[in-house]
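Note sheet for the following structure.
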Amino acid sequence: MGKPENTSPTSIASNELLFSMNADQVAQAIKAAGCAVTVVEHEGVLRLHSASQGIGFQVLWGNPLKEQEYLDLTLSCPLRVEGGTLPESLMTDWHRSKRFARVAQHGDFVVLEMDVLATGGVTPAHLTVMLQLWSQMMGQFFQHLRNFKPAALQEQAAQEAEAEEAAA
């Protein structure tokens, strides 16, 4: 067995496993996924804010391994719901048809969330792919919101289409 052809320090470092994540690593992954990121220190904790699809999201740190190093995180996009709550079927339809990102209602907010784990070890490339997936999930969720029609409206539209066909 010979030596690997590419043994530059850069290639070795990029293939090392991350067993925890810090603000710098996650910020780099956000940038590599095509989004800008802002780092804000709040009460000694570095907070990351970014946006995808023109809508802001934040990184919520999970279980700490040590100071400023975390085993997991949650990507969170809270959206204010005007006029109260969303129909339960909107969230049910999302959960039935999508994986990876979940939707929850918290008061006047509907929140799209996705967990990212480093436990067991992940590569920096994996972290970047997770941020790309998050951006895709955000886009799909906004499309889901735009296209959502409660079942009663869908049934009414189908009945109207049938009536138009019968009249023609």
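Quick caveat, the model's predicted, so the values are computed rather than measured.
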> How would you list, by chain and number, every residue that makes a side chain to side chain contact (heavy atoms under 4.5 Å, CB included) with E88, sequence neighbours excluded?
Replying inline: M91, T92
> S50: what forms a side chain to side chain donor-acceptor pair (under 3.5 Å) with it, not counting sequence neighbours?
Replying inline: none
>> Let's go through V81 and D108 carefully: what are the C-alpha distance in whole Å and the side-chain angles of both, what is the deciding distance for side chain to side chain contact (heavy atoms under 4.5 Å, CB included) to 0.1 Å, and is it a yes or a no?
In response: CA-CA 5 Å; V81 178; D108 290 344; 5.6 Å; no
> Under the side chain to side chain contact (heavy atoms under 4.5 Å, CB included) test, which residues partner H106, sequence neighbours left out?
Replying inline: A104, V111
>> Can you list everything that forms a salt bridge (Lys or Arg N to Asp or Glu O under 4.0 Å) with D24? Sequence neighbours excluded, please.
In response: none
>> Using only atom types and a distance under 3.5 Å, with no angle test, would you say the side chain of Q28 pairs donor to acceptor with the backbone of T128?
In response: no
>> Test: salt bridge (charged side-chain N to carboxylate O under 4.0 Å, His left out). Region: residues 50-61. Which pairs qualify, not counting sequence neighbours?
In response: none
> Does CD in E41 sit with more than 12 non-hydrogen atoms of other residues, nucleotides or ligands closer than 6.0 Å?
Replying inline: yes
>> Which residues pass the side chain to side chain contact (heavy atoms under 4.5 Å, CB included) test with A33, not counting sequence neighbours?
In response: L131, Q132
>> My understanding is that only residues two or more places apart in sequence, or in another chain, count here; which of them pass side chain to side chain donor-acceptor pair (under 3.5 Å) with R96?
In response: D93
> Out of curiosity, does L18 fall in the hydrophobic cluster containing L46 (side-chain heavy atoms, cut-off under 4.5 Å, transitive links)?
Replying inline: yes
>> Considering only residues two or more places apart or on different chains, which pairs with a residue in residues 47-79 satisfy ring pair (Phe, Tyr, Trp, His ring centres under 6.0 Å)?
In response: F57-W134, W61-Y70
Check: residues 113-121 side-chain donor-acceptor pairs under 3.5 Å, at least two apart:
unit_1	atom_1	unit_2	atom_2	d
E113	OE1	R102	NE	3.4
D115	OD1	T74	OG1	2.8
D115	OD1	R102	NH2	3.1
D115	OD2	R102	NH1	3.3
D115	OD2	R102	NH2	3.4

> Between K66 and S20, is any pair of side-chain heavy atoms under 4.5 Å apart?
Replying inline: no
> Looking at residues at least two apart in the chain, or sitting in another chain, which of them share a ring pair (Phe, Tyr, Trp, His ring centres under 6.0 Å) with F142?
Replying inline: none
> How far apart are the C-alpha atoms of V59 and I30, what are their side-chain angles, what is the distance that settles it, and do they pass the side chain to side chain contact (heavy atoms under 4.5 Å, CB included) test?
Replying inline: CA-CA 10 Å; V59 173; I30 291 171; 4.1 Å; yes
> CD/Q53 to CE/M137 distance, rounded to the nearest 0.5 angstrom?
Replying inline: 10.5 Å
> How many angstroms lie between atom CG of L112 and atom CG of L145, to the nearest 0.5 angstrom?
Replying inline: 9.0 Å
> Does V110 belong to the same Ile/Leu/Val/Met/Phe/Trp/Tyr cluster as L60, with side-chain heavy atoms less than 4.5 Å apart forming each link?
Replying inline: no
> What's the shortest heavy-atom distance between A23 and L48, and which atoms?
Replying inline: O-CD1, 3.7 Å
> Short question: side chain of Q25, backbone of N22 - any donor-acceptor pair under 3.5 Å?
Replying inline: yes
>> With a 4.5 Å cut-off on side-chain heavy atoms, are M138 and L75 touching?
In response: no
> How far does OG1 of T123 sit from CD of E16, to the nearest 0.5 angstrom?
Replying inline: 11.5 Å
>> Donor-acceptor check, side chain of D72 to backbone of N63, threshold 3.5 angstrom: yes or no?
In response: yes
> Partners of R146 by salt bridge (Lys or Arg N to Asp or Glu O under 4.0 Å), sequence neighbours excluded?
Replying inline: none
> Is there side-chain contact between F141 and L79, with heavy atoms separated by less than 4.5 Å?
Replying inline: yes
> Can you name the residues that form a side chain to side chain donor-acceptor pair (under 3.5 Å) with Q140, not counting sequence neighbours?
Replying inline: K98
> Of all heavy-atom pairs between L90 and H144, which one has the smallest distance, and what is that distance?
Replying inline: O-NE2, 3.0 Å
